[in-house]
Amino acid sequence: MDKVVATALEAVADVPDGASLAVGGFGLSGVPNVLIRALYERGVAGLSVVSNNCGAMESGLAVLLAAGRISRVTGSNIGANKEFARQYLAGELEVEMIPQGTLAERLRAGGAGIPAFYTPAGVGTQVAEGGLPWRYDGAGGVALASPPKEVREFDGTEYVLERGIRTDFALVRAAKGDRHGNLVFNKSSRNFNPLAAMAGRITVAEVEELVEPGGIDPDAVHLPGIFVQRVVALTPEQAADKGIEQRTISAPEARGTVSH
């Protein structure tokens, strides 16, 4: 089955207002910027987003966030996104913050058809006991807090019950993909992209390099095409457009010194 769609706008044409989205990426790595920009151009609003973070440096999901198009975020890291923090504290944005490993497993479990699982992460904290502020009232108070979760003991250790995550759509970015939707991810972009793709009922992948079926060694496939419904091939310029979140430069050695 050829799953290639001609344009990003066409690939997200049926995403409605109020849809839930699982979005891949880790910092600025592996973020489906082209698909996110297409959603922005369509004017889709009221989105519930599940992602490790909500964009940075005016890229990724930060584009939708700054435009007021996101109503709820489930994630594990705010990072340096000042607009995210402002909207959250002002009561404009509902936010469910959960441990990063738990987020990863909730996405994977949802995609694997597992409705819930037990984990020790969060036991004895507000993650399990409830009370985490999901939405502020804009005046310093909490308008909506997280509910308590079931805690159960196994072999003398307590575990908290976490629900698997399924979303209406998923947007991901891969280094390579074929027309059947088989995908390969590069380094840290593999952290959340495959899991987000699994969680979406309709998954759209933008790929930096599109190859014909058979062009990827089966042993090299990170995500089978069964989880992907649409593929968008990026232009060379789009594929090369990659930001650097934090640039670190080492101080040059003093002239005349010898390094051992």
Side-chain angles (χ1 to χ4, degrees), residues 18-27 46-55 61 64-65 69-79 81 84-172 190-203 223 227:
S20 58
L21 299 174
V23 182
F26 193 74
L47 297 169
S48 294
V49 172
V50 182
S51 187
N52 174 58
N53 59 294
C54 203
L61 286 170
L64 295 172
L65 184 75
R69 309 281 183 78
I70 297 176
S71 62
R72 191 179 197 277
V73 175
T74 300
S76 58
N77 180 39
I78 294 178
N81 192 326
F84 186 116
R86 188 201 67 76
Q87 290 189 25
Y88 178 39
L89 296 175
E92 300 170 11
L93 185 68
E94 185 175 316
V95 178
E96 180 183 2
M97 297 297 290
I98 57 178
Q100 192 170 70
T102 300
L103 174 62
E105 182 60 11
R106 287 182 66 183
L107 289 165
R108 190 203 68 82
I114 299 170
F117 60 92
Y118 287 96
T119 174
V123 171
T125 74
Q126 287 181 304
V127 170
E129 297 167 1
L132 286 171
W134 279 3
R135 182 184 291 277
Y136 285 100
D137 61 8
V142 177
L144 179 64
S146 65
K149 298 175 181 177
E150 177 187 334
V151 176
R152 183 174 173 183
E153 184 177 305
F154 294 90
D155 300 323
T157 300
E158 289 188 327
Y159 297 81
V160 60
L161 184 68
E162 294 281 3
R163 296 285 303 272
I165 293 175
R166 292 304 308 274
T167 58
D168 300 324
F169 293 84
L171 308 180
V172 299
R190 190 179 175 185
N191 287 358
F192 276 97
N193 270 300
L195 309 175
M198 292 175 67
R201 293 179 176 88
I202 297 176
T203 293
L223 184 78
F227 290 108

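This structure is a prediction, so every number in the text was calculated from the model and none was measured.
- The CD atom of Glu162 sits 6.5 Å away from the CD1 atom of Ile98 when rounded to the nearest 0.5 Å.
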Please determine whether side-chain contact (heavy atoms from CB on, under 4.5 Å) holds for the pair Gln87 and Ile70, giving the CA-CA distance in whole Å, both sets of side-chain angles, and the decisive distance to 0.1 Å.
CA-CA 10 Å; Gln87 290 189 25; Ile70 297 176; over 6 Å; no
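- In this structure the side chain of Tyr136 reaches within 4.5 angstrom of the side chain of Val142, judged on heavy atoms.
- Minimum heavy-atom separation, Asp168 to Ala19: OD2-CA, 3.5 Å.
- Other residues, nucleotides and ligands contribute more than 12 heavy atoms inside 6.0 Å of the CZ atom of Arg201.
- Inter-residue side-chain proximity for Glu105 and Phe117 is flagged as met; some heavy-atom pair is nearer than 4.5 Å.
- A side-chain donor-acceptor contact under 3.5 Å links Asn52 and Gln100.
- One N or O on the side chain of Ser146 and one on the backbone of Gly131 form a donor-acceptor pair closer than 3.5 Å.
- For the atom pair CD1 of Ile165 and CE of Met198, the computed distance is 12.5 Å after rounding to the nearest 0.5 Å.
- Here Arg72 pairs with Glu96 in a salt bridge; the nearest charged N to carboxylate O distance falls below 4.0 Å.
- Residues Leu223 and Pro194 share a closest heavy-atom pair of CD1-O, 3.8 Å.
- Looking only at distances, no side-chain donor or acceptor of Arg163 sits under 3.5 Å from a matching main-chain atom of Ala116.
- For the pair Ser51 and Gly24, the tightest heavy-atom approach, listed with the atom from each and the gap, is OG-O, 4.4 Å.
- By the 4.5 Å heavy-atom criterion applied to side chains, Val49 and Thr74 are not counted as neighbours.
- Of all non-hydrogen atoms in Ala22 and Leu107, the two that sit nearest each other are CB-CD2, 4.2 Å.
- Classification of Arg135 and Glu92 as a salt-bridged pair fails, no side-chain N sitting under 4.0 Å from a carboxylate O.
- Although no hydrogens or angles enter the test, the distance criterion places a donor-acceptor pair under 3.5 Å between the side chain of Asn81 and the main chain of Gly55.
- Summarising the geometry, atom CG belonging to Leu195 is positioned 10.0 Å from atom CZ belonging to Phe227; distances are rounded to the nearest 0.5 Å.
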Go through Glu150 and Tyr118 one step at a time and tell me if the side-chain contact (heavy atoms from CB on, under 4.5 Å) criterion holds.
CA-CA 9 Å; Glu150 177 187 334; Tyr118 287 96; 2.5 Å; yes
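- Across all their heavy atoms, Ala170 and Ala197 have their closest contact at CB-CA, 4.1 Å.
- Residue Trp134 holds its CH2 atom at 6.5 Å from CG of Leu144, rounded to the nearest 0.5 Å.
- The CG atom of Leu161 lies 10.5 Å from the OG1 atom of Thr119; values are rounded to the nearest 0.5 Å.
- The shortest side-chain heavy-atom distance between Phe84 and Val95 falls under the 4.5 Å cut-off.
- No side-chain heavy atom of Thr167 sits less than 4.5 Å from a side-chain heavy atom of Leu21.
- In this structure, Val23 and Leu61 have side chains that are in contact, with non-hydrogen atoms separated by less than 4.5 Å.
- Counting heavy atoms from C-beta on, the side chains of Cys54 and Tyr88 never come closer than 4.5 Å.
- You'll find the side chain of Pro99 reaches within 4.5 Å of the side chain of Val127, heavy atoms only.
- Note: Phe192 and Phe26 have parallel aromatic rings, judged against thresholds of 30 and 60 degrees for the angle between ring planes.
- The CG atom of Leu171 lies 8.5 Å from the OG1 atom of Thr203; values are rounded to the nearest 0.5 Å.
- Of all non-hydrogen atoms in Arg166 and Ala199, the two that sit nearest each other are NE-O, 2.9 Å.
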